[in-house]
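Just below is one structure, and these are the notes that go with it.
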Protein chains: 2
Amino acid sequence: MSPRRRSKPQTRSALVDIAARLLADEGPEALSARRIAAEAGSSTMAVYTNFGGMSGLVREMVYEGFARMENYFSHVAPTGDPVADMALFGRAYRHNALTNPHLYAVMFGGASLGGFSLSAEDRQYGRFTLSTVVECATRCIEAGRFRTGDAELVAHQLWTAIHGLVALELGDYLIEPCDADRVFEAQLTSLMIGVGDTLEAATRSVTSSHARLATEIEPAEPAPVTERPAGDRTA
Amino acid sequence: MSPRRRSKPQTRSALVDIAARLLADEGPEALSARRIAAEAGSSTMAVYTNFGGMSGLVREMVYEGFARMENYFSHVAPTGDPVADMALFGRAYRHNALTNPHLYAVMFGGASLGGFSLSAEDRQYGRFTLSTVVECATRCIEAGRFRTGDAELVAHQLWTAIHGLVALELGDYLIEPCDADRVFEAQLTSLMIGVGDTLEAATRSVTSSHARLATEIEPAEPAPVTERPAGDRTA
DNA sequence: GAGAAAAAATAACGCCGTTATGCCATACTG
DNA sequence: CAGTATGGCATAACGGCGTTATTTTTTCTC
C-alpha cells in the first residue's frame, strides 16, 4: 500500500513520533504496537526490531518526558532570589505536567503500559533530572534561607508535594481547576516557610515567581521528540 | 466440575473476595475477568451479570479502598492537640497506602484497569472520605494554630503532599525506604509550620504523633472486604 | 554481482474484555 | 401443585492486544 520504506532510521523515528502523537492526543490507551505500526504504514514487527517490544517504546516515551522536563528546568532563569527560583522550578514542573498530561501519567502514573516498568537505571535517570532543583536548594541553604542543611531533602519535599497535587489534578480528583491553583500556591508558600524561610520572605519570593511565570516558563523550542543516543534497550 | 451454585449472592461476594485477594497478592495485572471467574469456579459471565463488566468490579475495589481508608481515619483518637491529630491523619493515610499498595494504586494511580475510570460520583465519594481531616483542620484553625481560615485548603495541602510522597514511594522512585521516611517526617513538620504553626509547637505535635504511631494506627478489625449496600452499577 | 546479515512482512498463539445464545434452576402465578 | 417466566450462569464466539516463529525482502559487505 505505502511506498517501500528504504532504510531503518526512518521507520524508527516515525514510530516514535506517531507514538508520541497518539499518546498526547488520545492518551495511554491508544498506545498499542498494532495501532502505531498501522499508523506508520508498517507491520507490528517494526516495534520489536526497533525497540524490542512495547516496553522499549514506552521507555522511549518516558525518556522523552524527562527530556522535556529538563528542558523546562533549563529555561528557568535565576532571579537573584534562590527561594524565588525554587518556586519557579515548582511552577515549571507543574507546567510541564499539565502541558503533557498523558506523558506525565506514563512517567509517574504507574500505568504499566504493555507490561512496562522502569528499571533501576531508568529511575536513577529520572531522579537525576532533579539535580538542578537540588542545586537551587543548596543555594537557598547557603543564603541562610532554609533551616535544614540537606538540599536533597528539600528538593524531594518540593518534588513529592507538587507531584501529589499534579497527580490528583490530572486524575480529576481536584475537580475545579481553581481549586488546584489555590492548593498549588498555598503549598508553595507553606513549603518555603516550612523549610525555614520567614513568612515575609517566602511570600515575597513566591509572589515574585508567580509574576515571572508567563515569561519564564515557556521553553524556546516546542520540545520536539528526540531520540536517545544509546543503543537498543530490549525490554 | 464444581457443585451447582445455588443462589446469587454467594458467587458475587466470592468474586469480590477473590478479586481483592488477587489485587493484593499479585497486583493490578492479575485482575482479569477470566482469571477471577476461573478462580471462583464460575464462568466469565458472572462478572458481567454481577458487576456489568470489569469496570464495575474495579469500582467495587475502589470503594473498598476508600472504606479501608475511612476505617483507619476513624481509629485516630484525639490527642488533645489538634495539630498532632492532623499529623496522625497523615500517618494513617500513608500507613493505609503502604499496607494496601496495589489497592491504593488502583484508587489513585490511574491504572485504568479494564477501561475503568471514576465517575463524578465516585470522585465525590473519594473526596468525602477526607471530611474527617477537614474537621480536624477546622479545630486547628479554631485553636489559632493555623494562619489561614480555609480548613479545606489545609486538608487538601496535607492530602496532596502525602499522596505525592506515597505515589512516588510505591512507584519505587524513592529507592531507599529510609529516604521516604525522612521526606515524610520533614514534609509533615514543614507543612504544619508552613500553614501557620510555630516551629516549636509543630515539632512537638509531629513528634508526639510519631510516638503515638504504633498504638494508634492499626484499626481493630483487619478491614474485611465489604459489599456496597446500593444496587448494581453497570459500567 | 554474490553472499551474509539485518529488517520487515505474514501468520499464528495465547491472553484480554465483551457479547450473543441457550440452558436450567429458581421464583412467581393460577 | 403444576406451569410458566425470569434471571443467573455456561458455552462459544468476536475483535484486539503483546508476542513469537517463519519467511521474505532489503541492505550492507566483500
Side-chain angles (χ1 to χ4, degrees), chain A residues 1-16 18-19 22-23 26-61 106 111-117 227 231-235, chain B residues 1-16 18-19 22-23 26-61 106 111-117 227 231-235:
Chain A
M1 173 176 291
S2 63
R4 276 274 156 271
R5 305 272 158 206
R6 284 85 56 98
S7 62
K8 45 188 167 179
Q10 191 138 348
T11 72
R12 180 188 166 92
S13 69
L15 289 174
V16 173
I18 289 171
L22 282 176
L23 177 60
E26 307 184 30
E29 298 86 23
L31 265 196
S32 80
R34 297 178 122 99
R35 172 86 187 271
I36 294 167
E39 210 111 351
S42 59
S43 87
T44 317
M45 269 305 293
V47 174
Y48 287 83
T49 58
N50 283 289
F51 306 99
M54 200 53 203
S55 59
L57 207 155
V58 174
R59 194 189 317 272
E60 213 78 9
M61 300 290 104
V106 171
S112 74
L113 287 168
F116 167 78
S117 67
E227 300 182 38
D232 290 0
R233 335 186 108 260
T234 68
Chain B
M1 173 175 291
S2 64
R4 275 273 155 272
R5 306 269 158 209
R6 285 85 56 99
S7 63
K8 42 189 170 180
Q10 189 138 349
T11 71
R12 179 189 167 91
S13 68
L15 289 175
V16 173
I18 289 171
L22 282 176
L23 178 60
E26 306 184 29
E29 299 86 23
L31 266 196
S32 80
R34 298 179 121 98
R35 171 87 187 272
I36 294 166
E39 210 110 354
S42 59
S43 86
T44 317
M45 269 304 294
V47 174
Y48 286 84
T49 58
N50 284 288
F51 306 100
M54 199 53 203
S55 59
L57 208 157
V58 174
R59 194 189 316 272
E60 213 78 9
M61 299 290 103
V106 170
S112 74
L113 287 167
F116 167 77
S117 67
E227 301 181 39
D232 290 1
R233 335 186 108 262
T234 68

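Every chain is numbered from 1, with letters handed out A, B, ... down the list of sequences.
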What are the two closest non-hydrogen atoms of Val16(B) and Phe51(B), and how far apart are they? CG2-CZ, 3.5 Å
When every non-hydrogen atom of Ala19(B) is compared with those of Leu57(B), the smallest separation belongs to CB-CD2, 3.3 Å
Closest approach of Ser13(B) to Gln10(B) (non-hydrogen atoms, all atoms of both residues): OG-O, 3.3 Å
For Tyr48(A) and for Thr44(B), locate the closest nucleotide of DNA chain D by heavy-atom distance; then report the residue assigned to the nucleotide nearer the 5' terminus. Thr44(B)
Is there any protein nitrogen or oxygen under 3.5 Å from a nitrogen or oxygen in nucleotides 14-16 of chain C, and what are the pairs?
residue, atom, partner, partner atom, Å
dC16(C), OP1, Ser32(B), OG, 2.9

Partners passing side-chain contact (heavy atoms from CB on, under 4.5 Å) against Ala33(B) (at least two apart in sequence or in another chain): Thr44(B), Val47(B), Met54(B)
Can you tell me which nucleotide in dA9(C), dC9(D), dG18(D) comes closest to the side chain of Ser43(B)? dC9(D)
Grab the CE-P distance between Met54(B) and dC17(D) for me, whole Å please. 19 Å
Over how many whole Å does the gap from Leu22(A) atom CG to dG16(D) atom P extend? 16 Å
Integer-rounded Å distance: dC9(D) C1' and Arg12(B) CZ: 15 Å
Check side-chain contact (heavy atoms from CB on, under 4.5 Å) between Ala46(A) and all other residues, then give those that pass, not counting sequence neighbours. Leu15(A), Ser42(A), Asn50(A)
Would you say a side-chain N or O of Asn50(B) is under 4.0 Å from OP1 or OP2 of dC9(D)? yes
State, with a plain yes or no, whether a side-chain heavy atom of Leu31(A) is found less than 4.5 Å away from one of Ile36(A). yes
Nucleotide nearest Ser42(B) when distance is taken to its side chain, options dT18(C), dA10(D), dA7(C): dA10(D)
Got a sec, which residues hit side chain to side chain donor-acceptor pair (under 3.5 Å) with Glu29(A), two or more places apart in sequence or on another chain? none
Atom pair distance, as rounded to whole Å: CZ in Phe51(B) and C1' in dC9(D): 14 Å
Please confirm whether the shortest side-chain N or O distance from Thr49(A) to OP1 or OP2 of dA6(C) is below 4.0 Å. no
Protein N or O to nucleotides 22-24 of chain D N or O, pairs below 3.5 Å:
none

Side chain of Ala46(A): nearest nucleotide among dA10(D), dT19(D), dA8(C)? dA8(C)
What pairs of residues pass the salt bridge (Lys or Arg N to Asp or Glu O under 4.0 Å) test when at least one of them lies in residues 45-57 of chain B, not counting sequence neighbours? none
